[in-house]
Peer 1: 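Encoded as structure tokens, here's the structure I'll be asking about.
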Amino acid sequence: MATGTVIYKCSCGAYHPWKFDGDCRDKDNRYSSPEEYAEENNLDPDDIEVRAIDAEDGEVDDDEDDDDDDDDEGGEGD
């Protein structure tokens with residue numbers, strides 16, 4: 001688990017620093033991967049924590065879909 005630096009994966013597909021709240025086209029705050037962020041900021045990639053932008057504190061984005069909705073919401077006999 002990461003120990004300090006938090007970034008998030010944006011809906012634009014890029015990664016941004018956790019406190020970034022600007023234009024996604026801002027090249028100074030746009031990274032293609034956590035590894036690129038680490039390299040550009042002289043950090044160890046293992047120290048980068050990726051969260052979803054709407055994550056609660058401590059919730060890590062594991063790139064898995066957490067959608068629990070059933071495709072068949074109506075059940076049998078629709």
Side-chain angles (χ1 to χ4, degrees):
M1 160 111 359
T3 59
T5 303
V6 179
I7 62 175
Y8 68 91
K9 185 166 186 180
C10 184
S11 60
C12 74
Y15 292 84
H16 303 291
W18 184 250
K19 296 188 184 243
F20 175 72
D21 186 25
D23 188 334
C24 290
R25 296 170 291 184
D26 177 358
K27 292 183 181 180
D28 291 334
N29 288 292
R30 181 182 177 95
Y31 302 90
S32 63
S33 67
E35 292 78 17
E36 179 189 10
Y37 182 87
E39 182 178 325
E40 294 289 324
N41 291 281
N42 297 317
L43 300 168
D44 185 329
D46 292 333
D47 290 337
I48 305 294
E49 179 178 335
V50 179
R51 293 187 186 169
I53 190 58
D54 57 354
E56 298 291 328
D57 284 342
E59 181 181 356
V60 177
D61 182 8
D62 56 9
D63 284 332
E64 291 184 17
D65 186 8
D66 291 336
D67 185 12
D68 291 333
D69 294 340
D70 294 326
D71 289 338
D72 185 10
E73 290 182 18
E76 292 182 32
D78 284 341

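This structure is a prediction, so every number in the text was calculated from the model and none was measured.
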Peer 1: Can you list everything that forms a side-chain contact (heavy atoms from CB on, under 4.5 Å) with Glu39? Sequence neighbours excluded, please.
Peer 2: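 Glu39 satisfies side-chain contact (heavy atoms from CB on, under 4.5 Å) with no residue once adjacent residues are dropped.
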Peer 1: Looking only at heavy atoms, which two atoms of Pro17 and Tyr31 are closest? And how far apart?
Peer 2: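 Looks like CD-CE1, 4.2 Å.
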Peer 1: Any idea how Tyr8 and His16 line up, ring-wise: parallel (<30°), tilted (30 to 60°), or perpendicular (>60°)?
Peer 2: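 If you compare the ring of Tyr8 with that of His16, the planes turn out tilted.
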Peer 1: Listed by chain and number, what are the side chain to side chain donor-acceptor pair (under 3.5 Å) partners of Ser11, not counting sequence neighbours?
Peer 2: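 Side chain to side chain donor-acceptor pair (under 3.5 Å) check on Ser11 returns nothing, list empty.
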Peer 1: Hey, could you give me each pair passing salt bridge (Lys or Arg N to Asp or Glu O under 4.0 Å) that has a residue in residues 15-24? Not counting sequence neighbours.
Peer 2: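 Pairs touching residues 15-24 that pass the test: Asp23-Arg25.
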Peer 1: Could you state the interatomic distance from CZ (Arg30) to CD (Glu40), rounded to the nearest 0.5 Å?
Peer 2: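 Between Arg30 CZ and Glu40 CD, I get 14.0 Å after rounding to 0.5 Å.
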Peer 1: Does Asp44 have any side chain to side chain donor-acceptor pair (under 3.5 Å) partners at least two apart in sequence or in another chain, and if so, which?
Peer 2: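 Result, side chain to side chain donor-acceptor pair (under 3.5 Å) vs Asp44: none returned.
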Peer 1: Can you tell me how far apart CD1 (Ile48) and CD1 (Ile7) are? Round to the nearest 0.5 Å.
Peer 2: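 Answer for the CD1-CD1 pair, Ile48 versus Ile7, is 5.5 Å.
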Peer 1: To the nearest 0.5 angstrom, please state how far the CG atom of Asn41 sits from the CD atom of Glu36.
Peer 2: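 Here the rounded value is 9.5 Å.
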